[in-house]
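Just so it is clear, the values below take in all heavy atoms, side chains as well, and ignore hydrogens, waters and symmetry mates. In what follows, residues are counted from 1 in the order of the sequence shown.
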Amino acid sequence: MEHTMKLYAENFKDLVQDKKVREYRLNDAKRKLIKQGDTIRFQKLPNYDEEVLTEVTKREEFPDWYSCYQKYFNEDFKDTYEDVESVVQDTYSGYYTEEETKESGCVVFTIKVLQKINR
């Protein structure tokens, strides 16, 4: 099954350059439908003028952002953040609320790029 998600330009660039191999999201109803082996079409914000088709090679659920980020901190966040708590606070300040997180939990999709598409 194919799913569609949007990505900010910097994250999109990292994905295209094979620097991004995991996508962190709230495990809401839409994300619960995504399974290993599915594809995700990422669209670049704000103009949707580029897309990347990826395959989900692994799906992991976590009860909260701390446990989620702690697992991959050294691989994905140590060059940008001082510690795991800093990543969590950044998530709460601009992406998801603590209430949403308590309700849905978090999910990490390990992905591999299949195709880069320019419109």
Side-chain angles (χ1 to χ4, degrees):
M1 176 177 269
E2 184 173 301
H3 309 271
T4 302
M5 290 187 194
K6 299 168 186 78
L7 274 180
Y8 290 108
E10 187 173 325
N11 286 324
F12 190 89
K13 178 182 165 189
D14 287 347
L15 181 60
V16 168
Q17 295 176 348
D18 296 321
K19 294 178 185 175
K20 179 177 177 63
V21 296
R22 278 177 282 281
E23 180 61 19
Y24 298 81
R25 297 287 174 127
L26 190 70
N27 197 21
D28 58 11
K30 182 178 175 182
R31 304 315 184 269
K32 286 182 183 187
L33 298 174
I34 302 173
K35 307 292 182 216
Q36 185 175 334
D38 285 358
T39 55
I40 301 173
R41 181 178 300 270
F42 288 97
Q43 299 176 325
K44 181 181 171 187
L45 291 170
N47 300 322
Y48 308 103
D49 54 345
E50 294 179 57
E51 294 181 342
V52 173
L53 186 64
T54 64
E55 179 182 354
V56 177
T57 60
K58 187 175 183 181
R59 180 187 202 290
E60 300 171 90
E61 293 183 10
F62 296 88
D64 55 55
W65 292 113
Y66 192 91
S67 57
C68 171
Y69 294 147
Q70 185 177 35
K71 180 167 184 178
Y72 293 112
F73 182 80
N74 288 332
E75 296 171 53
D76 294 346
F77 301 105
K78 74 175 180 177
D79 294 335
T80 309
Y81 295 93
E82 186 175 311
D83 55 27
V84 175
E85 188 59 35
S86 300
V87 189
V88 172
Q89 290 311 310
D90 187 44
T91 300
Y92 287 146
S93 69
Y95 299 97
Y96 304 113
T97 66
E98 289 185 53
E99 186 176 289
E100 288 173 315
T101 303
K102 286 178 185 174
E103 185 177 305
S104 300
C106 314
V107 63
V108 176
F109 300 108
T110 302
I111 52 179
K112 81 174 177 186
V113 173
L114 298 175
Q115 182 180 14
K116 299 166 188 172
I117 305 160
N118 290 326
R119 289 184 181 195

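Not counting sequence neighbours, K102 has no partner by the side-chain hydrogen bond (donor to acceptor under 3.5 Å, both in side chains) test. Residues that satisfy the side chain to side chain contact (heavy atoms under 4.5 Å, CB included) test with K6, not counting sequence neighbours, are Q43, L45, Y48. Under the rule for a side chain to side chain contact (heavy atoms under 4.5 Å, CB included), the partners of K35 that lie at least two apart in sequence or sit in another chain are D38. Scored by the salt bridge (charged side-chain N to carboxylate O under 4.0 Å, His left out) test, E2 finds R41 as partners (sequence neighbours excluded). Residues passing the side chain to side chain contact (heavy atoms under 4.5 Å, CB included) test with V113 are L15, D18, V52, T54, K116, sequence neighbours excluded. E75 meets the salt bridge (charged side-chain N to carboxylate O under 4.0 Å, His left out) test with R22; sequence neighbours excluded. Partners of Y24 by side-chain hydrogen bond (donor to acceptor under 3.5 Å, both in side chains), not counting sequence neighbours, listed by chain and number: D76. Residues satisfying the side chain to side chain contact (heavy atoms under 4.5 Å, CB included) criterion with N27, sequence neighbours excluded, are R31, K32, R59, E61, V107. For the side-chain hydrogen bond (donor to acceptor under 3.5 Å, both in side chains) test, residues two or more places apart in sequence or in another chain that qualify with Y72 are E60. The side-chain hydrogen bond (donor to acceptor under 3.5 Å, both in side chains) check on Q70 picks up nothing, with sequence neighbours excluded.
Closest of all the heavy-atom pairs between S104 and L26 is CB-CG, 4.0 Å.
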For residues 84-95, tabulate all N or O donor-acceptor pairs below 3.5 Å that involve a side-chain atom, not counting sequence neighbours.
residue: E85; atom: OE2; partner: Q89; partner atom: NE2; Å: 2.7
residue: S86; atom: OG; partner: D83; partner atom: OD1; Å: 2.7
residue: D90; atom: OD2; partner: Y81; partner atom: OH; Å: 2.4
residue: T91; atom: OG1; partner: Y69; partner atom: OH; Å: 2.6
residue: T91; atom: OG1; partner: V87; partner atom: O; Å: 3.0
residue: S93; atom: OG; partner: Q89; partner atom: O; Å: 3.4
residue: S93; atom: OG; partner: D90; partner atom: O; Å: 3.0

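The hydrophobic cluster analysis finds L33 isolated: no Ile, Leu, Val, Met, Phe, Trp or Tyr side chain comes under 4.5 Å of it, directly or through other members.
Remark: C106 SG to F62 CZ distance equals 8.5 Å, nearest 0.5 Å. Distance check, rounded to the nearest 0.5 Å: CD of E23 to CG of N11 gives 6.5 Å. Note that NZ of K13 and NZ of K44 are 9.5 Å apart. Values are rounded to the nearest 0.5 Å. To the nearest 0.5 Å, atom OH of residue Y66 and atom CZ of residue F73 are 9.0 Å apart. Here the CZ atom belonging to F109 is positioned 4.0 Å from the CD1 atom belonging to I34, to the nearest 0.5 angstrom. Rounding to the nearest 0.5 Å gives a distance of 7.0 Å between OG1 of T39 and NE2 of H3.
For the pair T57 (side chain) and T110 (backbone), a donor-acceptor distance under 3.5 Å is present.
V56 and V21 fall into different hydrophobic clusters, where Ile, Leu, Val, Met, Phe, Trp and Tyr residues are linked whenever their side-chain heavy atoms come under 4.5 Å apart, directly or through other members. Note on F77 and V108: same hydrophobic cluster, where clusters join Ile, Leu, Val, Met, Phe, Trp and Tyr whose side-chain heavy atoms are under 4.5 Å apart, directly or indirectly. Hydrophobic clustering, with ILVMFWY side chains joined whenever heavy atoms are under 4.5 angstrom apart, groups V16 together with I40.
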Given K30 and R25, is the side-chain contact (heavy atoms from CB on, under 4.5 Å) satisfied, shown in steps?
CA-CA 10 Å; K30 182 178 175 182; R25 297 287 174 127; over 6 Å; no
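Atom CD of E10 has 12 or fewer neighbouring heavy atoms from other residues, nucleotides or ligands inside a 6.0 Å radius.
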